Student: 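Please see the structure below; I have some questions.
Quick caveat, the model's predicted, so the values are computed rather than measured. Counting starts at 1 for both ligands and their atoms, following the listed order.
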Amino acid sequence: MTTGPFVFAMPGSERQGRDLADRLGAETGVLETRRFPDGESYVRIVSIVAGRDIVLVCSFARPDDQFLRLVFAARTLRELGAARITLVAPYLAYMRQDKRFHAGEAVTSAQFADLLSREVDRLVTVDPHLHRHKALSEIYAIPAVTLHAAPLLADWIAANVERPLIIGPDIESEQWVSEVAGRAGAPYVVLRKERHGDRDVEIAIPDLGAWAGRRPVLIDDIASSGRTLIETARGLIGQGMRAPDCVVVHALFADDAFAELSRLAERIVSTDTVAHPSNGISVAGLLADALRDEGAAG
Ligand code: R5P
């Protein structure tokens with residue numbers, strides 16, 4: 001009798017779900033979703049889940065669209081007798097509004113954490129944007145495992161870039177940039193960023209002339225509007241540096257950000273936490289190892 005977990009993938013996370021199930025040697029559960037003509041969601045759990053541990057994969061690239069269906073799926077799994085539900089969110093959304101910057105703003109990092117904590121038993125994610133919150137446990141009421149893609153980024157750089165200079169665009173990036181640089185055996189620089197609006201960032205770049213013979217490699221956890229990477233790439237090229245390689249964990253790339261960055265960058269590569277044409281670094285092994293260690297793999 002099979003006692004291992006069922007891996008269910010929410011819409012948009014099917015490939016991540018399949019990769020993870022393959023790595024775990026786990027069964028994939030069958031979940032049907034569709035939209036009613038008025039836009040409401042239909043969700044059906046087809047597999048028999050009574051007594052089974054569940055791994056529910058949902059990468060939150062479009063969280064407002066995805067959250068309600070996730071709630072319907074998780075609640076239905078429980079009603080049908082599923083045992084523990086582990087949410088694997090390779091990209092965890094709503095981590096950046098971690099403070100009331102202006103009076104009256106919703107601190108959505110904490111509110112989203114509270115909502116998700118009510119629906120699943122555990123969370124496994126990759127490089128959540130931890131800045132003012134130092135750990136997920138500050139806002140999540142459930143056990144939450146934070147995995148780091150830095151070693152994977154470092155290994156990609158070591159294998160693919162000659163004489164890299166690792167560059168972090170802002171102070172928050174120092175945590176992963178220093179780790180990546182250490183493992184890749186490369187020097188690093190952290191720049192200063194000022195954000196004036198969603199799509200308006202200013203990057204202060206010191207004179208990097210001493211590193212002119214190296215290939216700049218921009219590292220960031222998230223490419224959202226893409227402005228951070230675009231403005232940094234533009235500034236570097238303006239200084240006479242070589243076109244940078246850009247290596248990101250979560251490739252959201254809204255609107256035409258990817259096309260615009262592609263015109264400046266030598267190469268753009270991302271992990272597959274968010275499905276995107278730039279994906280070149282798989283996190284499936286990282287996730288599978290964590291689930292095995294945590295005993296969610298049966
Ligand atoms: C910010 O603090 C993050 O580390 C990223 O630099 C930021 O989210 C990137 O956003 P965007 O692509 O919109 O500039």
Student: If you have a sec, work out which protein heavy atom is nearest atom 4 (O) of ligand 1 and how many Å separate them, to one decimal?
Tutor: Asp221 OD1, 2.6 Å
Student: Heavy-atom distances under 4.0 Å decide this one: backbone, side chain, both or neither, for His131 against ligand 1?
Tutor: neither
Student: Contact between ligand 1 and Val201 is defined here as a heavy atom of the residue under 4.0 Å from a ligand atom; is it met?
Tutor: no
Student: Below 6.0 angstrom between ring centroids: does that apply to Tyr94 and Phe60?
Tutor: no
Student: Answer side chain, backbone, both or neither: which part of Asp170 comes under 4.0 Å from ligand 1, heavy atoms only.
Tutor: side chain
Student: Under a 4.0 angstrom heavy-atom cut-off, which atoms of ligand 1 come close to Glu172?
Tutor: 1 (C), 2 (O)
Student: Answer yes or no: is there a side-chain heavy-atom contact under 4.5 Å between Leu20 and Leu291?
Tutor: yes
Student: Just jot down the ligand 1 atoms closer than 4.0 angstrom to any heavy atom of Arg227, in number order.
Tutor: 12 (O), 14 (O)
Student: Would a hydrophobic clustering, with Ile, Leu, Val, Met, Phe, Trp and Tyr connected at side-chain separations under 4.5 Å, put Phe8 with Val55?
Tutor: no
Student: Considering only heavy atoms of Gly226, which atoms of ligand 1 have at least one such atom less than 4.0 Å away?
Tutor: 11 (P), 12 (O), 13 (O)
Student: Is His129 near ligand 1, meaning one of its heavy atoms is under 4.0 Å from it?
Tutor: yes
Student: Which part of Ala223 is near ligand 1, with near meaning a heavy atom under 4.0 Å away: side chain, backbone, both or neither?
Tutor: backbone
Student: Given the rule that I, L, V, M, F, W and Y join up when any side-chain heavy atoms are under 4.5 Å apart, are Ile142 and Val124 in one cluster?
Tutor: no
Student: Does any N/O atom on Asp220 come nearer than 3.5 Å to any N/O atom on ligand 1?
Tutor: yes
Student: Regarding Arg199 and Glu231, does a basic nitrogen lie under 4.0 Å from an acidic carboxylate oxygen?
Tutor: no
Student: Taking a cutoff of less than 4.0 Å between a non-hydrogen atom of the residue and any ligand atom, is Glu231 in contact with ligand 1?
Tutor: no
Student: Does any N or O of ligand 1 fall below 3.5 Å from an N or O anywhere on Ser225, backbone included?
Tutor: yes
Student: Take the angle between the ring planes of Phe258 and His276 and call it parallel below 30°, perpendicular above 60°, tilted in between.
Tutor: perpendicular
Student: Treat each ILVMFWY residue as a node, draw an edge where side-chain heavy atoms are under 4.5 Å apart, and state whether Leu208 and Ile203 are in one component.
Tutor: yes
Student: How does Lys193 reach ligand 1, by side chain, by backbone, by both or by neither, if only non-hydrogen atoms under 4.0 Å count?
Tutor: side chain
Student: If we ignore angles and hydrogens, is there a donor and acceptor under 3.5 Å between the side chains of His133 and Asp98?
Tutor: no
Student: Looking only at protein heavy atoms, which one is nearest to atom 10 (O) of ligand 1, and what is the separation?
Tutor: Arg195 NH2, 3.2 Å
Student: State the atoms of ligand 1, each with its element, that fall below the 4.0 Å cut-off from a heavy-atom position in Thr228.
Tutor: 6 (O), 9 (C), 10 (O), 11 (P), 14 (O)
Student: Once you round to the nearest 0.5 Å, how far does CG of Asp19 lie from CZ of Arg23?
Tutor: 7.5 Å
Student: Using the rule that two of Ile, Leu, Val, Met, Phe, Trp, Tyr join whenever any of their side-chain heavy atoms come within less than 4.5 Å, decide whether Val177 and Leu218 are in one cluster.
Tutor: no
